[in-house]
Amino acid sequence: MREAAREGYSMARYDALVLLFIGAMVGLALADSLLAFYIFWELIGLCSFALIAFYHRDPNARRAGLKAFAVTRIGDIGLLVAVVALWSQGIVTFSGLEAAGLPADVRTLAALGVLLAAVGKSAQVPLHVWLPDAMEAPTPVSALIHAATLVNAGVYLLARTAPAFGDLGWWPASLLWIGAASAVLGAVAALAETDLKRVLAYSTISQLGFMVAAVGAGAILASQFHLLSQAIFKALLFLAAGAAIQAAGTRDVFRMRGVGRGMPITSAAFLVGIAAMVGLPFANGFWSKDLLLGAVIEGGHLGAFLLLIVATLLTVGYGWRTFNLVFRGTARTPDARDPDPSMAVVLVVLAAAALTSGFLIGPYSEALARSMPLRGIEPLPLWDAFLVTLRWPTAIVSLAVIALSAALAARPGWSRSVRPRDGSVLAGAVGSGFGFDAAYVAFARRIGAAARAVRRTQTGDLNVNAIGLVAAVVVLLAAILLEGLG
Amino acid sequence: MTADLLAGLPLFALLAGAPAVYLEARLSRGRGGEWTGLGAFAVFLLSFGLAVGLLASGSDGPVPFLGAMTLAGTPLAYFLATIGTGLGMAASLFSIPTLRGDRSVERYFPLLLLMAAGAVGLGFAADLFGLFVFFELMAVASYGLVAYHVDRAEAIEAGMKYVVLSGAGSLVALLGISFAYLGAGTTDLAAIRGASAGMPVLLAGPAAALFVAGFGLKAAIVPMHTWLPDAHTAAPSGISAMLSGIVIEAALVALATSVGAVATPAVSVGLYLSLLAVLTMTVGNLLALHQSDVKRMLAYSSVAQVGYILLGFGLAFEFGVAGGAEGGLLHILTHGLAKGGAFLAAGAFVWIAGTRDLGQLAGIGRAAPAVGLSFAIFALGLAGVPPMGGFLSKLLIAKAGLDAGGLGPVLLVLALAANSVLSLGYYVPALLRIVFSEARPARVRVPWTMQGPIVGLALATVLIGLFPDPAIQAAQAAAQGLARAFGGA
């Protein structure tokens, strides 16, 4: 951020927004009142918008900020409708929601609103398009907001409301499929993307997909534990990536080649992050992902389980591809150095957390069982969690992850060659957010066309204007008399 | 008797203040408009203080007035008076620097007071005769103000269109009054309400339709909105703030009280109002998209906001949910503050830059940071982003729809929600352009009479969002008056 300050961007604005964001995020996590939750929800969205557009002299940053605001706003409206629908039944708190019996139509409306809100905030298909563009934000913001905190708010909301809507049938099923689809699509895009920060953004979409699917499978503990793991390893990956980007002067993974030569601490930190993300034992992602996959298959959701397996293997692919491309090989920038100690120490601390937080499953599950009752959460001692990872479908997945990782580590050339040709279907699909970007653009055009059509009625001609009054009188008279006399 | 007179003082102060300010302006010719503007401000301040006091004291009773015209000092009247005079204070102060050296201030400030008196009087009117008189007072004063810049072709054209359409609307409303009189044999609103159950549909129905069209024209309900963008754009910015902030809303209240008097259970007027509301908000928002003239954009957004308020009234009418009237009235307050403030802020930008074109106003918020920040607050408030006041009032309207239950009201609420999203399509780009642009024009010193009202309205917008209880209580009390008009349905 020092360079940003040198370029004349206001650090006061940056610090104020980050602090406001953190405050609002803490408020959101602690709120029991639905209305307070909604207000904090909007506040974190506003801060996110302002921080994405922080480099306001860059038109791309401004456009990305606007896009994030507009797309997540669709979800925000969902939350508002849900909050108001519950309020009309006298329910104003989460704790009240858990206990209440609701009329069927209100419950449907509220469940739909919550679903929409979570899909928007947690960047799930089809509202995922804002997150990759949000990478125009300063890298610490990406690490804090778009990897570790804000994007988790949707999953957290789902976990908070699961007891009220979990037995609706369509609600968990939608979560399962939306999550699994996001996990796969995000991983495919991450494998094809060439911008390092966008790789990590797509990876976040994919990991959030795992968590959403887990809520759909009723595995609240697994989803929230994976939330913790992801927050740690993704923040680590973003900060290490930020250091590498600064050293290399580019975000293109093919032009960053070998930047790790002169930066051992950053390389090691990134490697730890990759190990945690792909789920190598005994990093935190290993525990949470195994727990999650085990819960999904135990729930009997075979289709979603298979999709998540595909996503897991793709994760191994793009994880190693990124590491091999950026940090290994002949250095293109031989004078790249590790960042100064103030930044390096953060990487070391986060790397240590990524390696150890998985062992905290015992106390974590106890705390969650206490604070989130009614969700079937049982305390899970470390040894039992370990046994889960040894059961047959998940154990095979772990072995596959280990074997594939070993192969990709030994043969970096394999993964480095993955690059969609310009103009290929895959490149096009990834570049356009799998067609959803195009769909939104088309939708926005429709609105624009409607606006122009309506504008044509604004002729400024007094005769035409008077027709409006005459038409209103005639139509109202006809309607009222027909109804009144009929 | 004196106590009764006191109950009407907020209105009487405005009516008496207009000639007094005019006299002062005539006698002090050549000394500039400062003192005239401050005089008008003092009258508004007096009236505002009285209205707030009476609103807080829960005063509710008849007020003696000229001849047969009956007035009632109800919470609804004081609620409207508080908004109208509060905005009047802001507009009169703001107008002082913009009119410096203008020789026609002797017209400007008295007409401003009379227009406010008309709007406030609509709240006080207890019979259709009074309703019409104050409606016309408001209209005639506003004709003069829209066309205030007689040397500008744009202002004359807008004023002409406004006069013709508004006059036609008044005639339609008058025709409605005659139908109501024919049916009930009286112009007293309470008496008509009592007789409305026995009124033939052939009289009550046309009366309701003509009230909706006639008063609705002045409230800019689609398809009778076409005059508004021209008038609100061409008027001086202080007047635009009043027109958008209180005048069209007062017309809505006149519509609600008059239609409420003649409503019969045989006709679902509330449903028609709700459908018109959805049409109005959608058309208004679509028209506001891609507007390059900042005042025109705000004017179109007023059309959309009228739709939100009307939806609240329509829901209260059709489904008897008190929250609808409450939310609608609270939205009159929050929208009045935010839209009035936005017009004043836009007026300050125009005063600095000499243009209304958003492209040329890039970064203007940085030239006057206090005004720029206030504009950001107004834009977010109008878009309904918490914690600004506009969020809460829209929330109450939406809640009323869900309180009503059933598929129809839910669809209406979803239309409201979709329109909220649509409205971001112009608020946010305007905000980005004005406040977060790369352009950095030089700092400009904005006079305190201009900056003070803007910052004050911005503070009020935030404070009502953060501490909404007094405002909600006032809106509730006022809504009871409106519910009486709706026949306690």
Side-chain angles (χ1 to χ4, degrees), chain A residues 35 38-39 42-43 45-46 49-50 53 56-59 62 65-66 69-70 73-74 76-78 80-81 83-85 87-89 103 105-106 109 444 447-448 450-455 457-460 462 464-473 475-481 483-485, chain B residues 157 160-161 164-165 168-169 172 201-202 204-206 208-210 212-213 216-217 221-227 229-230 264 266-269 272 276 283 286-287 289-290 380 385-387 391 395 398-399 401-403 405 407 410 413-414 417-418 420-422 424-425 428-429 432 436-438:
Chain A
L35 197 60
Y38 175 77
I39 288 173
E42 287 276 10
L43 264 180
L46 268 183
F49 152 70
H56 54 79
R57 266 169 261 154
D58 177 1
R62 291 206 301 271
L66 196 55
F69 191 64
R73 189 74 194 169
I74 298 173
D76 297 348
I77 291 293
L80 183 61
V81 168
V83 168
V84 173
W87 187 18
S88 73
Q89 299 299 313
D105 53 342
V106 172
L109 193 65
I447 302 244
R452 274 190 297 281
V454 172
R455 180 101 49 94
T457 64
Q458 186 73 30
T459 54
L462 196 49
V464 178
N465 294 354
I467 291 175
L469 175 64
V470 175
V473 171
V475 171
L476 279 168
L477 264 179
I480 287 179
L481 288 180
E483 192 196 348
L485 298 173
Chain B
E157 187 195 337
M160 270 308 293
K161 285 184 197 166
V164 173
L165 276 181
V172 170
V201 172
L202 269 176
L210 294 168
V212 173
L217 184 135
I221 293 173
V222 175
M224 300 160 286
H225 63 290
T226 42
W227 59 271
D230 290 336
T264 63
V267 179
S268 37
V269 185
Y272 301 138
L276 279 177
V283 170
L286 284 176
L287 282 170
L289 283 178
H290 309 304
L380 293 174
V385 175
F391 160 69
L395 185 73
K399 179 175 177 282
L402 294 172
D403 278 343
L407 184 63
V410 167
V413 170
L414 288 180
S420 291
V421 177
L422 190 56
L424 287 171
V428 175
L432 286 180
F436 297 104
S437 168
E438 58 201 291

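The chains referred to below are lettered A, B, ... by the order of the sequence lines, with proteins before strands, and numbering in each begins at 1. Atom set for the values below is all heavy atoms of this structure, side chains included, hydrogens, waters and symmetry mates excluded.
- Proximity to chain A (any heavy atom under 4.5 Å) is restricted, for B:L217, to the side chain, taken from C-beta onward.
- For B:L414, the part lying near chain A is the side chain, with the backbone staying farther off; criterion is any non-hydrogen pair under 4.5 Å.
- The minimum heavy-atom distance linking B:V267 with A:G484 is given by the pair CG2-CA, 3.8 Å.
- Only the side chain of A:I77 comes within contact range of chain B, with heavy atoms under 4.5 Å apart.
- Ranked by heavy-atom pairs shorter than 4.5 Å toward chain A, the options B:L395, B:V421, B:L422 are led by B:L395.
- Separation of atoms OG (B:S420) and CG (A:L80) is listed at 7.5 Å; rounding is to 0.5 Å.
- Across B:P386 and A:Y38, no two heavy atoms sit closer than the pair CG-CE2, 3.9 Å.
- Nearest heavy atom pair, residue B:A213 against residue A:V473, reads CB-CG2, 3.5 Å.
- In terms of heavy-atom pairs under 4.5 Å with chain A, the best-connected choice from B:V385, B:V410, B:V201 is B:V201.
- For A:L477, the parts lying under 4.5 angstrom from a heavy atom of chain B are both the backbone and the side chain.
- Between the CZ atom in B:F391 and the CG atom in A:L35 there is a gap of 5.0 Å [rounded to 0.5 Å].
- Separation of atoms NE2 (B:H225) and CD (A:Q458) is listed at 5.0 Å; rounding is to 0.5 Å.
- In this structure, A:R455 CZ and B:L289 CG are separated by 8.5 Å, a value rounded to the nearest 0.5 Å.
- Chain B forms the most heavy-atom pairs under 4.5 Å with one residue out of A:A50, A:G448, A:A479, A:A85, and that residue is A:A479.
- Contact record, A:S88 with B:D403: CB-OD1, 3.0 Å, taken as the closest heavy-atom pair.
- The two residues A:L469 and B:A168 have their closest heavy-atom pair at CD2-CB, 3.6 Å.
- Considering only heavy-atom pairs separated by less than 4.5 Å from chain B, the leading option among A:A471, A:G468, A:G78 is A:G468.
- The CE atom of B:M224 sits 12.5 Å away from atom CG of A:N465, with the distance rounded to the nearest 0.5 Å.
- Scanning all heavy atoms of the two residues, the minimum distance from B:L286 to A:A451 falls at O-CB, 3.3 Å.
- In this structure, the side chains of A:L462 and B:W227 stay at 4.5 Å or more apart for every pair of heavy atoms.
- Taking the side chain as every heavy atom from C-beta outward, B:T226 and A:T457 never approach each other to under 4.5 Å.
- Of the atoms belonging to B:V164, it is side-chain heavy atoms, and not backbone ones, that fall under 4.5 Å from chain A.
- For the atom pair CG of A:L476 and CG of B:L210, the computed distance is 9.0 Å after rounding to the nearest 0.5 Å.
- For B:V283, the parts lying near chain A are the backbone and the side chain together; criterion is any non-hydrogen pair under 4.5 Å.
- Heavy-atom distances place both the backbone and the side chain of A:I447 under 4.5 Å from chain B.
- Only the side chain of B:L432 comes within less than 4.5 Å of a heavy atom in chain A; its backbone stays farther off.
- Residues passing the salt bridge (Lys or Arg N to Asp or Glu O under 4.0 Å) test with A:E483, sequence neighbours excluded: none.
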